[in-house]
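Below is one structure; the comments refer to it alone.
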Amino acid sequence: MALSGLFLVFFLAQHFVINITSVIAPDTFNEWSHFMGYNGLVQFILQPVLIAGVIVHFAMGIALELKNNKARAIKYKQYNGNANSSWMSRNMIITGLVVLAFLGLHMYDFWVHEMAYKYIEVNPESPTRYYEETVLKFEPFWRTIIYVISFVLLSLHLWHGFASSFQTVGVNNKYSAGIQTFTKIYSIAIPLGFIFIALYHHFNPITH
Amino acid sequence: MKLNLKIWRQKDAKSKGEIVDYPIKGIEGDMSFLEMLDVLNEELINKGEEPVQFDHDCREGICGACSLQINGEPHGPDRLVTTCQLHMRKFNDGDTIVIEPFRATAFPVINDLIVDRTSFDRIQQAGGYISVNTSGNTVDANAIPINKHDADEAMDAATCIGCGACVAACKNASAMLFTSAKVSQFALLPQGQVEAVDRVQNMVRQMDLEGFGNCTNTGACEVECPKGISLENIARMNREYLSATTKG
Ligand code: HEM
Ligand code: SF4
Ligand code: FES
């Protein structure tokens, strides 16, 4: 759980760095996207590892939730969770499942399209298509708003999850206060950055 | 003060059980929570009704017997106290107080507010000890010098009274705080090293067998623990477990 979570946290930061170029430097965005899409190492090693990481993470998360539910078969009439723990920490399964649903849409939007473009339709390489394709995706209001809401829930997920994974792997020492602070900065800044990108493209459509 | 108590009543392990209302008067702020229940039971006995069953022994916060879920929190709203040390002055005149047994699959209800916590004993028996020669040539524990910091941390871990509040508070009914305190008190000392690998593996295995949940680091246990056992113990147990696994 912790290792797959930390891996996803690392991936998310990398994903953000690439995406932000779509706002500040469209040519760089095209260049990097093309590299990611046609580099053998990325396509055939890193991509499967990432997909496996996501599957391991949510499969373990669901199994964990089921097991923990069984550990209290008879529930309390009154349970004052807010007195001793954060909402984020108690609802990882809810925020996680929303993020999973979002990933379904996200994979459909970009990944399924890419796979079809490259391996089914077998189109020729086109190193400059990515920027326009991406911006077009954010034209519909409904998709933009789903992206925004999903990132708010991802933020809540990471608010607990990031620091929590250090405790799970046994790190609780003089650096823990720093890890807590970094978790708070990361879990707000990165999702907020993704939200900014989505809104930016929604409000700045390509006009020909 | 006048209170409206809502208490879980259950005749025996097999019956269904329900919340019953008990209005009560004449409660003083200086009474402990258990003394308040004594007053109620006095009344019930005088009326010829069955008194409310609850666990208690020392009534001074050292035995870990008392165990009530009070308004949704183990040992009630106060911090670093057991139910027997909780004063009624923490409540206001006219309050409704919901009193339930600790809930966990591994803590089945015996009757009313009493739960069976022998699962903790079995975790302890699985490895919470050191083997020493007691056949007349016992070595004085103080013969081995121990640095002050480690000794203090081991002592802190050893103050766990096995009350089960950590399990009761946890949304997963996990026993990680208890088990990690029991592992830590030995892991921090040289005397505990001989059996370290088996200890952590056996105690964690027993904890899982008993049906406790898995830790998701919500931190509820640490907040509710009457002895202030720290989450650092859980991280330490995770390290011990990891290193025991790699050592086989
Ligand atoms: C980009 C996506 C995601 C990232 C970066 C992420 C990150 C994390 C991290 C760092 C943890 C803490 C691990 C620990 O303390 O041991 C965690 C826990 C968890 N995640 Fe995720 N996660 C993501 C998606 C998901 C999804 C799709 C689910 C689907 C069910 C999910 C469900 C859970 C659950 C149930 C937990 C553990 C419960 C807990 O520690 O309270 N996560 N996640
Ligand atoms: S760790 Fe604290 S709450 Fe848990 S059994 Fe020990 S004393 Fe009670
Ligand atoms: S009765 Fe002993 S700790 Fe409360």
Side-chain angles (χ1 to χ4, degrees), chain A residues 1-6 57 59-96 156-177 179-180 183, chain B residues 6 8 16-19 69-74 76-77 79 96-109 165 167-175 208 210-225 230-243:
Chain A
M1 200 80 248
L3 296 179
S4 59
L6 280 177
H57 186 73
M60 281 174 76
I62 291 169
L64 181 65
E65 176 69 17
L66 294 177
K67 176 168 186 228
N68 286 346
N69 238 317
K70 274 214 320 242
R72 177 166 294 129
I74 303 169
K75 310 290 175 209
Y76 289 112
K77 295 279 174 224
Q78 194 178 357
Y79 180 72
N80 189 1
N82 281 327
N84 51 38
S85 53
S86 71
W87 186 92
M88 286 68 98
S89 73
R90 295 194 308 276
N91 292 283
M92 291 298 275
I93 190 68
I94 295 178
T95 51
L156 297 174
H157 194 78
L158 295 174
W159 183 271
H160 173 69
F162 193 3
S164 164
S165 48
F166 286 89
Q167 166 82 5
T168 302
V169 296
V171 179
N172 186 332
N173 51 32
K174 60 177 191 272
Y175 302 112
S176 294
I179 293 172
Q180 289 285 351
T183 293
Chain B
K6 288 179 172 295
W8 182 262
K16 214 170 147 283
E18 56 175 352
I19 295 273
Q69 187 81 356
I70 302 163
N71 283 344
E73 284 182 80
R79 294 291 170 246
T96 296
I97 306 177
V98 180
I99 310 169
E100 293 177 79
F102 283 1
R103 294 276 185 211
T105 306
F107 287 169
V109 172
V167 174
C170 177
K171 83 176 237 301
N172 311 319
S174 166
D208 288 338
E210 299 290 347
F212 290 105
N214 285 11
C215 180
T216 60
N217 308 324
T218 69
C221 53
E222 182 186 59
V223 174
E224 300 290 356
C225 172
S230 156
L231 287 181
E232 282 171 36
N233 292 295
I234 297 184
R236 181 179 299 106
M237 181 164 80
N238 289 345
R239 292 198 296 276
E240 288 275 312
Y241 191 81
L242 214 63
S243 91

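Reminder, nothing fancy here: chain letters follow the sequence lines and each chain counts from 1.
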Main-chain N/O of A:Y76 paired to B:R103 side chain as donor or acceptor, under 3.5 Å: no

Under 3.5 Å: donor-acceptor pair, side chain of B:T105, backbone of A:A73: yes

Exercise: identify the closest heavy-atom pair between [X] and [Y]:
X      : Y      : answer
B:T216 : A:N68  : CG2-ND2, 3.9 Å
B:A169 : A:Y79  : O-OH, 2.7 Å
A:R90  : B:K171 : O-CE, 3.1 Å
B:G213 : A:A71  : N-CB, 3.3 Å

I need the [X] [atom1] to [Y] [atom2] distance, nearest 0.5 Å.
X      : Y      : atom1 : atom2 : result
B:S174 : A:R72  : OG    : CZ    : 10.0 Å
B:N238 : A:N172 : CG    : CG    : 10.0 Å
B:D208 : A:K67  : CG    : NZ    : 4.5 Å
A:N80  : B:N71  : CG    : CG    : 8.0 Å
A:K75  : B:E100 : NZ    : CD    : 12.5 Å
B:N217 : A:M1   : CG    : CE    : 11.5 Å

Tell me, side chain or backbone of [X] under 4.5 Å from chain A's heavy atoms, or both, or neither?
X      : value
B:I19  : side chain
B:C170 : backbone
B:P77  : neither

Max heavy-atom pair count under 4.5 Å with chain A, selected residue of B:Q69, B:E222, B:K6, B:E224: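 Ranked by contacts with chain A, first place is B:Q69.
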
Contact winner vs chain B - A:V169, A:N84, A:V171, A:N173, heavy-atom pairs under 4.5 Å: A:N84

